[in-house]
Protein chains: 2
Amino acid sequence: MESALVDVFDMNCPSRAVMEHLSSRWGVLIQVMLLREGTLRFSELRRAIGGVSEKMLAQTLQALERDGIVRRVVHPVIPPHVDYSLTDLGEAAAKAVNTLFDLIGDRWAEFEKAQVEYDQRKAAQPL
Amino acid sequence: MESALVDVFDMNCPSRAVMEHLSSRWGVLIQVMLLREGTLRFSELRRAIGGVSEKMLAQTLQALERDGIVRRVVHPVIPPHVDYSLTDLGEAAAKAVNTLFDLIGDRWAEFEKAQVEYDQRKAAQPL
DNA sequence: CAGGATCCCCAATGATACTG
DNA sequence: CAGTATCATTGGGGATCCTG
């Protein structure tokens, strides 16, 4: 069971911020991509993750690095070369996130069915 | 392996939206709370989840209901009584999300350590 | 009690340009 | 290449009031 001192349901517990980094829009994609590929450069991540801006990628990577999820390795060469990979802690987090991805992929038909039925129910009751 | 037709790394794939609902700020808290408690009323959820507004709770619950994650049962009484619980699909999702919560709780010391070290590294290099 | 409707605003996000 | 700095935008999100 979880420590009583770390309560993510408490608005002011710092764990809430970490949870938000882990589950953030770009954070989840970065984690899963790094879990699959092992190590990627900044520009590789940018290309792999559709729609992410440089700013958001850099910002999200920094948050994840600070939380100990992502490892950042700078190779002192010109032009610059920076590698990103998951820490041990990050791998554990990424695996959980990846479970969500698999769930969506594996049971996609159920998601679509639920959405269609919901929309039909809504459309059927004007007021 | 996952269907090639469901690619969350593709900006325009509808699965991206579902992933964002599942991992949204309030979505993760709702899922875990319902996983723990089974069934809760609107006001119970509101009280259980620190800092959520009525608007965001209603809005997030609707998104999760549409995706087939949350089951909404209305009891036709006065005053109104509405129960929320997880569907089978929702339970699978919630378990994955709960893994993240446990990770944060169990390894919180590592998160804090990483943050402190990151901040020290930053402070050590003025420019 | 469960939410719908409104108003409002700040912060997250993105586009662009620039630098080591 | 790997970012940082700046600026513009908007819509997420909250507060409030109202209703079945």
Side-chain angles (χ1 to χ4, degrees), chain A residues 11-12 16-30 33-34 37 39-66 70-85 118 121-123 125-127, chain B residues 11-12 16-17 19-30 33-34 37 39-66 70-85 118 121-122 125-127:
Chain A
M11 219 185 140
N12 299 108
R16 170 88 57 107
V18 171
M19 186 65 208
E20 288 175 11
H21 298 158
L22 292 181
S23 68
S24 71
R25 167 142 57 148
W26 306 117
V28 293
L29 296 172
I30 290 171
M33 187 54 78
L34 288 179
E37 303 299 324
T39 297
L40 288 173
R41 304 177 59 168
F42 186 87
S43 55
E44 291 174 329
L45 274 168
R46 176 144 165 59
R47 260 176 281 115
I49 299 175
V52 69
S53 67
E54 290 186 2
K55 181 183 174 182
M56 288 315 299
L57 182 56
Q59 190 172 305
T60 307
L61 281 169
Q62 283 167 16
L64 293 178
E65 186 194 357
R66 189 173 111 93
V70 160
R71 180 185 301 113
R72 180 172 179 272
V73 177
V74 181
H75 296 90
V77 297
I78 293 178
H81 184 140
V82 180
D83 281 332
Y84 291 95
S85 58
Y118 181 91
R121 255 179 285 142
K122 286 293 174 183
Q125 42 163 265
L127 73 132
Chain B
M11 219 187 141
N12 299 109
R16 170 91 54 111
M19 186 64 209
E20 288 176 11
H21 298 158
L22 292 181
S23 67
S24 71
R25 167 142 65 150
W26 305 117
V28 293
L29 296 173
I30 290 171
M33 187 54 76
L34 288 180
E37 303 299 326
T39 298
L40 288 173
R41 302 179 61 171
F42 187 87
S43 55
E44 291 174 330
L45 275 168
R46 178 142 166 58
R47 259 175 282 116
I49 298 176
V52 68
S53 66
E54 291 187 359
K55 179 185 173 181
M56 289 314 299
L57 181 56
Q59 190 172 302
T60 307
L61 282 169
Q62 284 167 15
L64 293 178
E65 186 194 357
R66 189 175 110 92
V70 160
R71 181 184 301 113
R72 180 173 179 272
V73 177
V74 181
H75 297 90
V77 295
I78 294 176
H81 184 139
V82 179
D83 281 331
Y84 291 94
S85 57
Y118 180 92
R121 255 179 284 143
K122 287 292 174 182
Q125 41 164 261
L127 73 134

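Just so we're on the same page: letters track the sequence lines, and every chain starts at 1.
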- May I ask you to say what Glu44(B) touches in the nucleic acid, namely base, sugar-phosphate or nothing, with a heavy-atom cut-off under 4.0 Å?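 Nothing, no nucleic acid heavy atom in range.
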
- Query: If you look at every strand shown and take non-hydrogen atoms under 4.0 Å, does Glu20(B) touch a base, only sugar-phosphate, or nothing?
  - Reply: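 Touches nothing.
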
Rounded to the Å, how far apart are [X] [atom1] and [N] [atom2]?
X        : N       : atom1 : atom2 : value
Arg46(B) : dA15(D) : CZ    : P     : 8 Å
Leu61(A) : dC1(D)  : CG    : C1'   : 14 Å
Phe42(B) : dG20(D) : CZ    : P     : 18 Å
Leu40(A) : dG3(D)  : CG    : P     : 13 Å
Leu57(B) : dG13(D) : CG    : P     : 13 Å
Ile78(A) : dT19(C) : CD1   : P     : 17 Å
Met56(A) : dA2(D)  : CE    : C1'   : 17 Å
Ile30(B) : dG3(C)  : CD1   : P     : 12 Å

- Item | Atom pair CD1/OG of Ile30(B) and Ser24(B) - distance to nearest 0.5 Å |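 So the gap between those two atoms works out to 7.0 Å.
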
- Message: Let me confirm one number: the CZ-CE distance from Arg16(A) to Met11(A), rounded to the nearest 0.5 Å.
- Response: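 With rounding to 0.5 Å, CZ (Arg16(A)) is 7.0 Å from CE (Met11(A)).
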
- How do Pro79(A) and Lys55(A) order along DNA chain D: which one's closest nucleotide is nearer the 5' end?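 Closer to the 5' end of DNA chain D: Pro79(A).
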
Is any side-chain nitrogen or oxygen of [X] closer than 4.0 Å to OP1 or OP2 of [N]?
X        : N      : result
Tyr84(A) : dG3(D) : yes
Gln59(A) : dG3(D) : no
Ser43(A) : dA2(D) : yes
Arg72(A) : dG3(D) : yes
Arg41(B) : dA2(C) : yes

- Query: Is there a donor-acceptor contact under 3.5 Å from the side chain of Ser85(B) to the main chain of Thr39(B)?
  - Reply: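 No; zero donor-acceptor contacts below 3.5 Å.
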
- Message: Within the 4.5 Å heavy-atom criterion, are His75(B) and Val82(B) side-chain neighbours or not?
- Response: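 They are not in side-chain contact.
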
- Considering only dT4(D), dT13(C), dA2(D), which nucleotide approaches the side chain of Val82(A) most closely?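 Given the options dT4(D), dT13(C), dA2(D), the side chain of Val82(A) is closest to dA2(D).
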
- Query: Of the nucleotides dG14(D), dG20(D), dA17(C), which has the atom closest to the Glu54(A) side chain?
  - Reply: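 When the side chain of Glu54(A) is considered, dA17(C) is the closest of dG14(D), dG20(D), dA17(C).
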
- Message: Can you classify the ring geometry of Tyr84(B) versus Phe42(B) as parallel (below 30°), tilted (30 to 60°) or perpendicular (above 60°)?
- Response: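 Taking Phe42(B) first and then Tyr84(B), their aromatic rings sit tilted (interplane angle of 30° to 60°).
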
